[in-house]
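Take a look at the structure below.
A, B, ... follow the sequence lines: proteins, then strands. Residue 1 opens every chain.
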Amino acid sequence: MSEDMEEGGTVKKFMYMNRKAPYGTIYALEALEVVLIGAAFDQDVSLAFIDDGVFQLTKDQNTDDIGIKNFSPAFRALGDYDVTKLYVEKESLAERGLTQDDLMDLVWEDEDDDWAEKPSIIMVSRDEMKKVLGDQDVIMSF
Amino acid sequence: MSEDMEEGGTVKKFMYMNRKAPYGTIYALEALEVVLIGAAFDQDVSLAFIDDGVFQLTKDQNTDDIGIKNFSPAFRALGDYDVTKLYVEKESLAERGLTQDDLMDLVWEDEDDDWAEKPSIIMVSRDEMKKVLGDQDVIMSF
Amino acid sequence: MKFGVVVNEGPYTHQASDSAYNFTKAALAKGHEIVRVFFYHDGVNNGTRLTVPPSDDRNIQENWSALAKEHELDLVLCIAAAQRRGILDENEAKRQGKDADNVAEGFRISGLGQLIEAGIQADRLVTFGD
Amino acid sequence: MKFGVVVNEGPYTHQASDSAYNFTKAALAKGHEIVRVFFYHDGVNNGTRLTVPPSDDRNIQENWSALAKEHELDLVLCIAAAQRRGILDENEAKRQGKDADNVAEGFRISGLGQLIEAGIQADRLVTFGD
Amino acid sequence: MSILHTVNKSPFQKNDFSSCLSHANAGDAVLLIEDGVYGAVSGTEAAKQISSAEASVYVLGGDLAARGIASDKIADGITVVGYDGFVDLAAEHQAVNSWL
Amino acid sequence: MSILHTVNKSPFQKNDFSSCLSHANAGDAVLLIEDGVYGAVSGTEAAKQISSAEASVYVLGGDLAARGIASDKIADGITVVGYDGFVDLAAEHQAVNSWL
C-alpha cells in the first residue's frame with residue numbers, strides 16, 4: 001500500500017499525540033502499534049508526548065508483578081523505522097517530578113552522516129509544542 | 001432473593017457513589033439500574049452525588065439531538081422504591097456554576113406521615129459528606 | 001471535501017460512537033465524502049451483531065450498518081484490536097480455531113494500514129474517543 | 001474473611017481486570033473466601049471466549065476461567081450489561097434470536113441482584129474500574 | 001494554517017480542557033462536545049480560562065440540551081453550533097486535534 | 001470504623017486523587033494503584049497534598065515497578081505494599097471505596 005501512496009506523491013505531516021500513561025490503559029501500546037505500521041507509508045512522522053504521555057518513556061519499566069507485557073523496549077525500535085522525532089514537553093515532565101534522565105535514551109542512526117547515532121527525543125517547551133502541533137496535516141490522538 | 005436476606009436479618013448501609021456526568025459515559029445510567037434492582041433487597045440505601053455526579057440531577061435534560069435515551073426521569077421513580085436519601089455535595093454544585101434550583105425536584109411520600117411529600121435531595125457540605133461516606137458498610141462506585 | 005472518521009470507544013459505554021455517527025450523518029448531508037470510518041481500540045466492539053440494547057434505546061450497530069448501506073460507507077474494524085477483544089468475522093474465526101463469529105453486516109476487518117491510508121486520502125481526519 | 005470483587009472494565013483496554021485478578025489470587029492465597037466476582041459495565045467483555053490476544057501477552061479470559069476452575073469461583077456477567085455489549089450465552093442467544101454465542105467457560109450470565117447479594121454476603125466488596 | 005481542537009471531557013474532573021487551551025494557537029478553534037460542554041457554563045473556573053484563551057471557543061448545542069444546560073447559562077463569547085456547524089469547523093481548519 | 005480508599009488514576013490528569021484525599025477521614029487509608037501510583041512521586045503537587053492528608057497513604061509496588069518509578073523517588077510517609085498488603089488493608093477497614 002505504501003507504494004501506491006508514494007506514486008500519488010502525497011507526503012503529509014503526521015502527528016501521533018500521546019497524552020496517556022502506559023499500562024493503566026492500553027492507548028499507549030495501541031498508539032505505538034499504529035506508529036510502527038504507519039512507518040511503512042513514508043509520511044513525515046512525529047510523535048508528541050504531552051501531559052501523562054511523558055510517562056510512556058520512563059526507563060527501567062518492569063511489569064513482572066502486574067502480569068502485563070512490558071512494551072517500552074519497542075520505543076527503541078522506532079529509529080530503525082525512520083521514526084526519529086519524539087517531541088517531549090518539558091513542562092509536562094517537570095510537573096510530574098521527572099527529568100530527562102528518567103527517560104529512556106532513544107536514538108536513531110543517520111545514514112546521511114555515516115550512521116552516526118543521534119538522539120530521537122527532542123525536548124521542547126509548551127510554546128514550542130504549540131507551534132509543532134499547529135504545523136500538522138493529520139493529528140492522531142490516543 | 002430479598003426474602004432470604006430478610007430472614008438472615010442482614011441490613012447493611014449501602015452507598016451508591018456517583019461522580020460521573022450523564023451521557024458522556026454510561027456509568028450514571030447503569031448505576032441507576034443497580035439502585036433500582038437493589039431497592040428490592042431492603043437494605044439501608046443512600047446515594048452520594050459528588051464532583052461531576054451532580055450533573056446527573058439537572059432538570060430539563062433533552063437528548064433529542066444526540067439520539068441517546070433521556071434517563072433522568074427515572075430519578076423521580078426512586079421515591080416509589082423507598083430510595084429517599086440522595087446526598088448532594090454543595091461544593092461540587094457551586095464549583096460547576098450550579099445551584100439547587102438547577103436540579104430536579106425529587107420527592108418521596110412518607111407513609112408514616114400521611115403520605116406527605118418530602119424532599120429526597122439532601123444538600124450537604126464536603127465535611128458532612130466525609131462523615132456520611134465514613135459510616136457505610138458497602139460502597140458501590142461508578 | 002473528504003473526511004475520515006475514527007471511533008476509539010465501544011458502543012453505549014462512551015458517547016464517542018454516537019458523536020461519530022451524528023458527525024458522519026451531518027457531513028454526508030452537507031455533500032461531503034466519507035472515505036472511511038475506522039474503528040480502533042474498544043471501537044471495534046461497535047461491530048458485533050450480538051448486541052441486544054433495550055428496546056426503548058438506540059441500536060448503535062444497526063444505525064452504523066444502515067448508514068453504511070445507504071451511503072456505501074467503508075466501516076473497518078482494526079484486526080489487531082478486534083482479536084484482543086473477541087471480535088471476529090467468519091474467516092478470522094476459522095483461522096483462529098474459534099467456534100463462532102460476531103461481526104455485523106456492513107463492517108469489515110482489516111489492518112491498521114487502513115487507518116494511515118484514511119489519514120492520507122482524507123482532507124480531514126476526525127477522531128472520537130475517551 | 002469473605003470478599004466480593006467487582007470488575008467494571010473490559011480486558012486489555014483498562015488495567016481493572018488485571019488488578020482484580022491479582023487481588024483475587026492474593027486474597028485466595030491468604031485463605032480468604034471469594035463469594036463472587038461480578039462483571040458489570042464493559043466488564044462483561046472479560047467473559048467472551050472469542051479473544052485472541054498476541055501470543056507474547058497474557059490471556060485475561062483464560063486466566064479467569066482457570067482461576068475459577070481451580071477455586072470454584074462464581075464469575076457472573078451482568079445480563080443487562082452483557083446484552084448491550086453483545087455478550088451472550090447459548091440460552092440468551094436462543095431467546096434473543098441471535099445466531100451465535102460467545103461466553104467463555106467458567107462464566108455465567110445472571111441479574112444485577114447477584115451484585116447486591118455479593119455486597120450483602122461479603123464482608124468486603126472491592127471494585128475495580130476506570 | 002489553523003487547527004480545530006475538540007474537547008469531550010468535563011473540565012472539572014479532567015485536565016484535557018486546560019491542556020487543550022494552553023496548546024491552542026491564536027486563530028485556532030476549540031469545540032466543546034459531549035461532557036466537554038460543561039466547560040461553557042458561566043461563572044466557573046473553566047469559563048475564566050476560556051475568556052483568556054487565544055482561540056475561538058464553540059460548544060455543541062445538542063450536548064448542552066442533553067445535559068440540561070440552558071442557553072442563558074453559557075458564558076459570553078462562546079458560540080453554540082450544531083453537528084452541521086461541527087462539520088463546517090472541521091472543513092475550515094487544516095486539521096482536527098481531538099484531546100482524548 | 002474506617003475506610004480503605006483506592007485511587008487508580010493519575011493525579012496530574014484527573015481529579016479523583018484530590019477528591020479522594022479531601023473526602024477521606026482521619027484514620028482512613030488511601031491506596032494508590034494502577035496509574036494512581038504516579039501520585040507517590042516526591043516533589044510534585046500531588047506529593048504536597050499527600051503530606052497534608054489526614055489519611056495514611058499506601059502505594060502498590062507492582063504498579064510502581066511497571067511504570068519505572070524507583071523506590072528512591074517515592075515521597076516520605078508513603079508505604080509500599082504488594083497485592084497481599086492490598087488484601088490486608090481491605091480486611092482491616094470496614095469498607096472499600098474505589099474512586100473510579
Approximate separation, where rounding is to 0.5 Å, of [X] [atom1] and [Y] [atom2]:
| X | Y | atom1 | atom2 | answer |
| --- | --- | --- | --- | --- |
| Leu78(B) | Leu47(B) | CG | CG | 6.5 Å |
| Phe75(B) | Gln61(B) | CZ | CD | 8.0 Å |
| His5(F) | Cys20(F) | NE2 | SG | 5.5 Å |
| Gln136(B) | Leu133(B) | CD | CG | 7.0 Å |

Taking the six-membered ring for Trp, are the ring centroids of Phe17(F) and Phe12(F) within less than 6.0 Å of each other?
no
Close approach to chain B in residues 24-43 of chain F, criterion heavy atom under 4.5 Å
Ala24(F), Asn25(F)
Electrostatic pair Glu128(B)-Lys131(B), nearest N-O below 4.0 angstrom
no
Basic-acidic side-chain contact under 4.0 Å: Lys12(B), Asp137(B)
no
Salt bridge (charged side-chain N to carboxylate O under 4.0 Å, His left out) for Lys20(B) and Glu30(B)? Distances and angles first, verdict last.
CA-CA 11 Å; Lys20(B) 291 175 184 157; Glu30(B) 290 192 328; over 6 Å; no
Would you please test Arg19(B) and Tyr27(B) for side-chain contact (heavy atoms from CB on, under 4.5 Å) and show each step?
CA-CA 9 Å; Arg19(B) 294 184 51 248; Tyr27(B) 304 103; over 6 Å; no
Out of Ala95(F), Ser2(F), Ser19(F), which one racks up the most heavy-atom pairs below 4.5 Å with chain B?
Ser19(F)
Listed by number, the residues in residues 87-126 of chain B that come under 4.5 Å of chain F (heavy atom to heavy atom) are Glu89(B), Arg126(B)
Using non-hydrogen atoms and a 4.5 Å limit, figure out which bit of Asp135(B) sits close to chain F: side chain, backbone, both or neither.
both
Examine whether an atom of Phe142(B) lies under 4.5 Å from a heavy atom of chain F, and if so say whether it belongs to the side chain, the backbone or both; otherwise answer neither.
backbone
Given heavy-atom pairs under 4.5 angstrom as the criterion, report whether the side chain, backbone, both or neither of Ile3(F) touches chain B.
side chain
Begin from the C-alpha positions of Asn70(B) and Tyr23(B) and carry the test side chain to side chain donor-acceptor pair (under 3.5 Å) through to its verdict.
CA-CA 9 Å; Asn70(B) 175 2; Tyr23(B) 307 118; 3.1 Å; yes
Counting only heavy atoms from other residues, nucleotides and ligands, does the tally under 6.0 Å from CD of Glu92(F) exceed 12?
yes
